[in-house]
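The structure appears below as structure tokens.
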Amino acid sequence: MSTPVFIPGLELSRRFYLEAVRPVLDEAAPGVAHSAARLGSGSEVLGFDTARSADHEWGPRLQIFLPPQDATRHGERLSALLAERLPKTFCGYPTHFASTGEVGIGVMQVTDGPIHHRVDITDPATWFTAHLGFDPRKDVTLADWLATPTQRLAEVTAGAVFHDGLGQLAPARANLGWYPHDLWLYLLACQWQRLSQEEAFVGRCGEVRDELGSAVVAARLVRDLMRLCLLMDRRYPPYSKWLGSAFARTPQAAALTPHLTAALAATDWHTREQHLAYAYEALAALHNQLALTDPVDPATRPYHGRPFQVLHAERFTAALTARITDPTVRALPVIGTIDQFIDSTDVLSRPELTRTAAHATLRG
């Protein structure tokens, strides 16, 4: 079988729905309302897929959402019917997904028998709760926001809806479009706080001739700067595999990337510090452009009496925290969401914050 011309996964799934799946649904379940989408895990959902992605868990696949009673009544029958009637290939790609032996991992493979397709038939509440831990068609609570990784929020708000006959996917995705304003201020404050915890360590490690340790700290700071940039741009930072790809799409990437790259490539702490200082000042200037707080001096400066150049990023934390009006959000410890607190220096060094962070992930 020759390799087909690569089609971005979302476009492949859209065509698959319209040309292959929808006709079967219209014939087999006339009058049953449904929605169709490609959401959830997968590089194509975030728009980062390439021909390499086709080696596993990629291909003509999507979700069909039915009302709960119809999912129970018709789900298995429709899934079996699709296994019989779907074409063996679509746009040159097999529609059969063979198991790899790893749980939940399938690869496209030509078959002569019934198709093990990846048209998942479910209802909205079941799918959202399984993927997020809550149902965003209802109110999204503070605990929901804090306990949900940004990767999961990206997977639900990105992707594509091909048909919303239930009229429920669009409102649910809109509810998760971005954090409430005060919570956004809080998360920005927490991200600046992360920077403040370690910005002096690049020099301190280097001063004791621990260039490897200095490089590790610099890498952590680069990651946190990239995530801060995405948060400032109101974009959910994806997990590590796609963090650089997502950052590259921000308006600030062209100016910042050379300095972040140079900081990572540097073999001495003075060079690392120099390039990180440029990035600090650039994002500090962007903070002021957002006008979320009164202007904060964006210049770097010595770290107290030590010869390390830092931003003292906690100044931005304080400015943002001062603008939070919601008393519940304002009372939260400055540790952020699950993505932010899991390896926070403050949490690791203060057991009482570890307990607070764990409690914040509990729902109900």
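Each residue takes its place number in the sequence, starting with 1. Excluded from the calculations below are hydrogen atoms, water molecules and symmetry mates; all remaining heavy atoms, backbone and side chain alike, are included. Please read these numbers as outputs of a predicted model, since none were measured by experiment.
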Any side-chain heavy atom of Leu332 within less than 4.5 Å of one from Thr328?
no

As an exercise, state the distance from NE2 of His96 to CG of Leu86, rounded to the nearest 0.5 Å.
12.5 Å

Look up atom CD1 in Ile105 and atom NE2 in His56, then write down how far apart they are to the nearest 0.5 Å.
5.5 Å

Crowding at CZ, Phe6 (>12 non-hydrogen neighbours, <6.0 Å)
yes

Cationic N near anionic O, under 4.0 Å, Glu11 to Arg15:
yes

Aromatic rings His275 and His259: how do their planes relate, parallel, tilted or perpendicular, breaks at 30° and 60°?
tilted

Can we say Arg306 and Glu207 salt-bridge, meaning some charged N sits less than 4.0 Å from an Asp/Glu carboxylate O?
no

Test your reading of the model: is there a side-chain donor-acceptor pair from Glu273 to the backbone of Gln309, 3.5 Å cut-off?
yes

Donor-acceptor contact below 3.5 Å, side chain Asp326 vs main chain Asp182:
no

Take the angle between the ring planes of Trp127 and Phe65 and call it parallel below 30°, perpendicular above 60°, tilted in between.
perpendicular

Does any donor atom in the side chain of Arg272 or Ser214 lie under 3.5 Å from an acceptor atom in the other side chain?
yes

Would you check if Ile115 and Leu82 make a side-chain contact, meaning some heavy-atom pair closer than 4.5 Å?
no

Gap between atom CG of Leu183 and atom CD1 of Ile324 - 0.5 Å precision:
8.5 Å

Trp178 versus Thr157: any side-chain heavy-atom pair under 4.5 Å?
no

Measuring from Asp70:CG to Ile64:CD1, what's the distance to the nearest 0.5 Å?
13.0 Å

With no hydrogens and no angle check, is any side-chain donor or acceptor of Asn175 less than 3.5 Å from a backbone partner on Asp139?
no

Distance (rounded to the nearest 0.5 Å) between Arg61 CZ and His117 NE2:
12.5 Å

Hey, is CG on Asp55 packed in by over 12 heavy atoms from elsewhere, all under 6.0 Å?
yes

With sequence neighbours left out, the residues meeting side chain to side chain donor-acceptor pair (under 3.5 Å) with Arg223 are Asp343

Leu188 side chain near Phe316 side chain, heavy-atom distance below 4.5 Å:
no

Contact between Ser13 and Phe162 at the side-chain level, heavy atoms closer than 4.5 Å - yes or no?
yes

Whether the Ser35 and Asp164 side chains hold a donor-acceptor pair (N or O, under 3.5 Å, no angle test) is what I'd like checked.
yes

Are the aromatic ring centres of Phe90 and Tyr17 under 6.0 angstrom apart?
no

Keeping the roles fixed (side chain from Thr89, backbone from Pro94), state whether a donor-acceptor pair exists under 3.5 Å.
no

Would you kindly say whether Thr111 and His116 are connected by a side-chain donor-acceptor distance under 3.5 Å?
no

Counting only heavy atoms not in Lys138, do more than 12 sit closer than 6.0 Å to its NZ atom?
no

Hey, are the side chains of Leu25 and His34 touching, using non-hydrogen atoms and a 4.5 Å cut-off?
yes

Quick check: does any side chain N or O of Asp144 sit under 3.5 Å from a backbone N or O of Thr141, one acting as donor and the other as acceptor?
yes

Closest approach of Phe247 to Thr257 (non-hydrogen atoms, all atoms of both residues)
CE2-OG1, 3.5 Å

Ignoring hydrogens and geometry, is there a side-chain-to-backbone donor-acceptor pair from Arg38 to Gly9 under 3.5 Å?
no

Which atom pair, heavy atoms only, marks the closest approach of Val140 to Phe134?
CG1-CE1, 3.9 Å

Do Phe201 and Arg220 come close enough that some side-chain heavy atom pair is under 4.5 Å?
no

Is a side-chain donor or acceptor of Arg85 paired with a backbone partner of Val21 at a separation under 3.5 angstrom?
no

May I ask whether Trp269 and Val216 are part of the same hydrophobic cluster, defined by side-chain heavy atoms of I, L, V, M, F, W, Y residues being less than 4.5 angstrom apart, directly or through others?
no

Glu57 side chain to Gly106 backbone, donor-acceptor under 3.5 Å
yes

Matching residue for Tyr179 among Tyr236, Trp184, Tyr186 - test: ring pair (Phe, Tyr, Trp, His ring centres under 6.0 Å):
Tyr236

Considering non-hydrogen atoms only, spot the tightest contact between Pro114 and Lys88 and give its length.
N-NZ, 4.4 Å

With no hydrogens and no angle check, do the side chains of Gln151 and Glu155 hold a donor and an acceptor under 3.5 Å apart?
yes

Considering only heavy atoms from C-beta outward, does the side chain of Trp145 approach that of Leu176 to under 4.5 Å?
yes

Carboxylate-amine/guanidinium proximity below 4.0 Å for Arg323 and Asp294:
yes

Enter the distance from Ile335:CD1 to Thr337:OG1 here, rounded to the nearest 0.5 Å.
9.5 Å

Does the plane of the ring in Tyr303 sit parallel, tilted or perpendicular to the ring in His312? Use 30° and 60° as the thresholds.
parallel

Shared hydrophobic cluster for Tyr239 and Leu243 (ILVMFWY, side-chain gaps under 4.5 Å)
no

